Amino acid sequence: MHMFRTHTCGALRSSDVGAKVKLSGWIHSVRDHGGVIFIDLRDHYGKTQIVVDPKMHFYQELDRWRVETVVCFTGTVVARTPETVNPKLETGEIEVAAEEMEVLGEADVIPFQIAKDEQAPEALRLKYRFLDLRREKLHENIILRSKVISEIRRFMCDMGFMEYQTPILTSSSPEGARDYLVPSRVHPGKFYALPQAPQQFKQLLMVAGFDRYFQIAPCFRDEDARADRSPGEFYQLDVEMSFVTQDDIFAVIEKLLCHIFTKFSRKEISSAPFVRIPYREAMAKYGTDKPDLRNPLEMIDVSSVFADSGFNAFASTVKNGGVVRAIKVPGIGGAQPRKFYDDMIAFAQSVGAKGMAYIIWTAEGEKSPIVKFMKPEELAQLKAMASIQPGDVMFFLADKEAKVLEIGGQVRTELGNRLGLIDPNVFKFCWIVDFPMFELDEETNQIIFSHNPFSMPQGGMEALLNKKPLDIFAYQYDIVCNGIELSSGAIRNHRPDIMYKAFEIAGYKRETVDERFGGMIRAFKLGAPPHGGIAPGVDRMVMLLADEPNIREVIAFPFNQQAQDLMMNAPAEVDMKQLRELRIIPLEPELKFEETFKKLKAEAARIREIEQTAQAAAKA
RNA sequence: GGAGGCGUAGCUCAAUUGGUUAGAGUGCCACCCUGUCACGGUGGAUGUUGCGGGUUCGAGCCCCGUCGCUUCCGCCA
């Protein structure tokens with residue numbers, strides 16, 4: 001009987017010496033010494049060195065086969081002499097003396113190297129993704145991903161959750177990202193949408209009484225890519241629970257994340273409970289709602305110091321309703337050259353700052369371009385506010401608050417990076433909580449939902465009736481790790497009366513709410529439990545665990561940044577036959593849609609009229 | 001949709017800042033080599049310098065346009 005292997009390429013050890021074995025795999029590398037040839041044979045499990053003696057009948061033929069050819073060797077396991085043991089290989093104590101060879105799959109010249117650590121351009125790597133996936137790091141990443149997902153499933157089930165599947169072909173949701181649409185053949189002119197997330201389904205499962213739901217759920221969003229955001233599709237660990245508070249959900253997720261990150265990483269991990277930071281505090285201190293807490297720097301408000309200062313640039317900003325924020329960097333006073341400060345100012349300007357001031361405190365006094373404009377008591381005030389020690393430096397930004405926070409956040413990150421303040425061997429998690437329910441639209445001056453209209457307002461109906469809308473928080477939260485947002489979540493608003501009221505505050509009529517969200521409201525009118533959930537991104541978790549800066553490195557077959565699959569050539573044009581069934585005529589991209597649509601409709605009506613006239617004439 | 005960066009051999013990069021026939025490593029091809037494990041050695045082939053135009057005696061280098069890649073902003077309830 002024919003067989004391909006008795007062992008994998010990672011299996012053999014010195015205890016197997018003397019065994020007659022058969023190994024199959026890819027030719028990883030060839031080292032031809034004239035009198036003897038060494039071949040590293042590689043498969044999913046590892047590498048084994050094959051030795052071919054010139055006396056073997058296939059010795060001459062071996063020359064023909066290039067690296068990455070798939071071959072099967074039969075031979076005997078022999079021990080390596082102590083000086084030829086390779087400690088880098090798990091199978092390094094032995095080698096296989098080849099006696100027979102069979103070529104199973106010939107390989108042409110490969111477009112980029114696999115055995116060597118060579119960085120090929122990404123477009124090429126994506127086109128030949130099956131080759132790229134043979135490279136050790138990428139292969140390991142995909143294996144890690146598989147292990148992480150199966151461990152998540154096991155752990156969730158152990159915590160009493162059950163995995164439920166929800167439709168892939170569903171309807172377009174009114175809020176949120178752009179949908180991917182799928183035309184219906186049975187109902188020409190109508191479209192399914194791929195789910196941006198199984199949001200409504202998981203809530204309906206709670207209404208259906210299933211209590212603890214999870215799903216490793218595919219999500220589809222037609223939005224542009226980022227380094228940590230794959231365009232098109234991605235996976236999230238979708239979670240929903242009934243009869244829970246925000247803290248119940250936090251406890252479950254903290255347990256899960258601690259377990260997964262401990263199991264699959266050797267980095268130090270924040271211990272549960274993770275620190276909780278109100279949204280406004282996060283914005284004030286870090287200038288972002290996804291702070292990297294490995295960076296110890298924080299912004300402080302020093303507007304009051306400069307309100308009546310002799311430093312006019314800042315004083316006038318404060319008088320005109322702006323703010324001054326400072327970032328203290330401890331202990332670098334004497335350590336950085338002048339160029340460092342110039343570079344930081346240039347950086348601040350590159351992200352939109354008008355300028356940036358700084359003060360260096362030394363044992364001898366202050367060094368700064370702005371100190372000469374300031375009174376001694378102002379300097380003393382600053383010193384007290386930030387507990388300044390000699391050697392500390394303070395950077396200052398002044399502008400409208402929103403702008404200062406945004407720029408300050410980027411300056412904080414840049415300082416952290418440049419000064420090496422960010423420990424790469426730590427995972428720091430935090431919850432961002434107390435997102436405002438409403439905000440003021442800057443253009444229209446109207447109250448609008450600030451994030452998710454379906455979250456439960458803190459304080460419920462009572463808060464909606466009695467509090468100023470802008471003072472109401474939502475039970476909404478983000479989980480953040482090392483500056484990467486893993487997920488948003490919320491306690492949902494399951495009460496139709498509270499939902500109508502919340503929408504009323506944001507300017508929606510009851511009829512509009514019924515029209516747009518009628519399905520959910522109908523369900524909530526027939527006995528809905530309080531419920532809430534979260535949906536951490538699986539790709540982002542694996543990306544953090546694999547220490548990859550780019551999300552495409554942890555996805556087996558990712559889109560490129562333009563949402564194309566270069567290997568499968570997707571998206572692609574389709575047959576006229578398929579379009580005819582769907583009654584779809586693609587418009588040339590350069591044509592104006594509205595005008596062309598009207599013209600085509602008019603033309604269609606004209607053709608129909610001509611046909612009807614002809615038919616009538618034929619009858620008569 | 002907008003901004004920045006990049007584009008030279010299959011791949012990674014160089015080309016003394018506008019000056020002779022565009023080089024090196026790696027890969028590829030041929031030959032040599034019995035202990036390598038990124039083996040080593042000798043020789044060889046490989047270029048529309050992304051594309052189009054302009055400036056110039058002369059452009060890989062400068063200018064304009066265009067395309068592609070990438071990072072960020074917008075967007076991502």
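Only a predicted model underlies this, so the values are computations on that prediction, with no experimental measurement involved. Hydrogens, waters and symmetry mates are skipped; everything else that's a heavy atom, side chains included, is used. Residue numbering restarts at 1 for every chain, and letters A, B, ... go by the order of the sequence lines.
No aromatic stack links A:F112 and the base of B:C11, using centre distance under 5.5 Å and interplanar angle under 30°.
Of the possible donor and acceptor atoms, one in the side chain of A:D16 sits under 3.5 Å from a partner among the backbone N and O of A:R13.
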Quiz item: Where each pair must be Watson-Crick or G-U wobble with both distances under 3.5 Å, what dot-bracket representation of RNA chain B is obtained, with crossing pairs in [ ] and other-strand partners as |?
Solution: (((((((..((((.....[...)))).(((((.......))))).....(((((..]....))))))))))))....
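Taking only side-chain nitrogens and oxygens, A:T84 never comes nearer than 4.0 Å to OP1 or OP2 of B:C37. In this structure, A:N550 reaches the B:U71 phosphate: one of its side-chain N or O atoms is under 4.0 Å from OP1 or OP2. Between B:U71 and A:Q561, a contact under 4.0 Å exists linking OP1 or OP2 to a side-chain N or O. Look at A:R178 and you won't find any side-chain N or O under 4.0 angstrom from OP1 or OP2 of B:G74. Taking side-chain N and O atoms only, A:Q49 has no distance below 4.0 Å to OP1 or OP2 of B:U36.
Atom-to-atom distance recorded for A:L41:CG and A:C9:SG is 4.0 Å, nearest 0.5 angstrom.
Side-chain atoms of A:R221 and base atoms of B:C75 include no donor and acceptor less than 3.5 Å apart.
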Quiz item: How does each nucleotide of nucleotides 28-34 of chain B score, in 5' to 3' order, for protein heavy atoms under 4.0 Å: base (B), sugar-phosphate only (S), or none (-)?
Solution: -S---BS
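The side chain of A:R229 approaches B:G74 more closely than any other nucleotide in the set B:U36, B:U71, B:G74.
Taking the ring axis of A:F557 as reference, the NZ or CZ atom of A:R129 does not stay both within 45° of it and closer than 6.0 Å to the ring centre.
Taking for each of A:N86 and A:P121 the nucleotide of RNA chain B with the nearest heavy atom, the 5'-most of the two is the partner of A:P121.
Across all strands, A:Q562 comes closer than 4.0 Å only to sugar-phosphate atoms, never to a base (heavy-atom distances).
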